[in-house]
Protein chains: 2
Amino acid sequence: MRWDELDKEACSVARTVSVIGDRWTLLVLRECFLRVRRFEEFQTRLGITRHLLADRLRKLVKAGVLQKVAYQDRPKRYEYRLTDRGLDLHPLMMAIVHWGDTHMAGRRGRPLLHRHKACGQDFDPVTVCSQCGEPVDARGVHVHPGPGAPRMARA
Amino acid sequence: MRWDELDKEACSVARTVSVIGDRWTLLVLRECFLRVRRFEEFQTRLGITRHLLADRLRKLVKAGVLQKVAYQDRPKRYEYRLTDRGLDLHPLMMAIVHWGDTHMAGRRGRPLLHRHKACGQDFDPVTVCSQCGEPVDARGVHVHPGPGAPRMARA
DNA sequence: GTCGTGGGTTCCAATTTGGAACTTGCTTCA
DNA sequence: TGAAGCAAGTTCCAAATTGGAACCCACGAC
């Protein structure tokens, strides 16, 4: 299986991974959520090679996660902003950060804190069930085939 | 920056990405959550080369996400199971699946459904604030440096 | 003793990365 | 008028990683 076949799999994990399943892409997205928008700034902050950065930004734009917005003419200059589709990756980012905070934090504690503007407090993300509102964990979930399952449903 | 420097960054995203920020690793984990445990079964289901599979499983074991458990002697055979640390990746997996379901589903709909055993209904994961219990989205969160921030706090 | 099975390892070619220099359009400063 | 700077890329090449396929080993079954 190659990158370009991945998004054709009948699996939402595979399809999401085809967009974000890459080290640099995830780090670029981290910066996007920290309000970084310009090529040079991504490059300096991440230490990624310009070549790869251009490639990853291009792919994210093609995937509809970022959009190029001109912020000046003569010479034309663009910046990259999260689209609504990109903003929807927020729970995924929070889940990544939270796992890192929980399992990989150094002895000095977590590098960043997240404050919920609505209640004013620093918080952790909690995943709950959309139906009953109770927290969900791995053992409390049963997976079964949906309408888009391949004929030989996996699992 | 190279793979082996990534886990030293003072950033929970970078540190998590150093463990799971790889296409095959995420697909291996998908299978783990679908109760796949054995080398051959991973290999057949994923179409990954045996070489890479061995490498990714080794790395996941080293990261404490999976553990090797002997399921027979003579000849010794092992299977790979999620540890508690691995099970904690469940919200992350759910977030990946949910984004794919929302933004990448084919016209036939989502491939898999998730049933919450506690309430018996198919559900979507919702990310809420651990303090007030209300849903959280990108625009409602303010990020600020925590105790583990580098001296020049990023953002 | 030959076949099958599970869990790997080895080898090599093809692809992807990393690093550094070069390009393009336009502005500013001397 | 010319030199220098800036943002956003692109080009080139060496080094690392992947994909594909074959090979290995311990055992058990036929």
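Order of the sequence lines fixes the chain letters, A, B, ..., with proteins taken first and strands second; residue numbering starts at 1 for each chain.
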Once you round it to whole Å, what is the distance between [atom2] of [N] and [atom1] of [X]?
X	N	atom1	atom2	value
B/I48	D/dG19	CD1	C1'	10 Å
A/L53	D/dT11	CG	C1'	16 Å
A/L52	D/dA16	CG	P	16 Å
A/E40	C/dT24	CD	C1'	14 Å
A/Q43	D/dC6	CD	P	14 Å
A/R23	C/dG18	CZ	C1'	10 Å
A/D55	D/dT11	CG	P	13 Å
B/L46	D/dG20	CG	C1'	16 Å

Using a cut-off of strictly less than 4.0 Å, decide whether [X] has a side-chain nitrogen or oxygen near OP1 or OP2 of [N].
X	N	answer
B/R58	C/dT9	yes
A/Y80	D/dA7	no
A/K68	D/dA7	no
A/W24	C/dG18	yes
A/Y78	C/dG25	no
B/R56	C/dG8	no

**Prompt:** Is A/F42 touching bases, backbone alone, or none of the nucleic acid, heavy atoms closer than 4.0 Å?
**Reply:** nothing
Salt bridge between [X] and [Y], side-chain N to carboxylate O under 4.0 Å?
X	Y	value
A/R50	A/E40	yes
A/D122	A/R110	no
A/R15	A/D7	no

**Asked** After noting the C-alpha distance and the side-chain angles of B/L26 and B/M93, does the key distance pass the side-chain contact (heavy atoms from CB on, under 4.5 Å) rule?
**Response** CA-CA 9 Å; B/L26 285 166; B/M93 271 291 150; 4.2 Å; yes
**Complete:** Taking D/dT18, C/dG8, D/dA8 as options, the one with an atom nearest any side-chain atom of A/R38 is D/dA8
**Complete:** Considering only heavy side-chain atoms of B/H51, the closest of D/dG9, C/dG7, C/dT10 is C/dT10
**Message:** With ring-ring contact (aromatic ring centres under 6.0 Å, His included) as the rule and sequence neighbours excluded, what pairs involving residues 77-113 of chain A come up?
**Reply:** A/F33-A/H90, A/W99-A/H103
**Item:** Sugar-phosphate or base contact per nucleotide [nucleotides 23-30 of chain D; S, B, -; heavy atom under 4.0 Å]
**Value:** ---BSS--
**Side chain to side chain, B/L6 and A/L27, heavy atoms closer than 4.5 Å** = yes
**Asked** Which pairs, with at least one residue in residues 62-71 of chain B and sequence neighbours excluded, count as a side chain to side chain donor-acceptor pair (under 3.5 Å)?
**Response** none
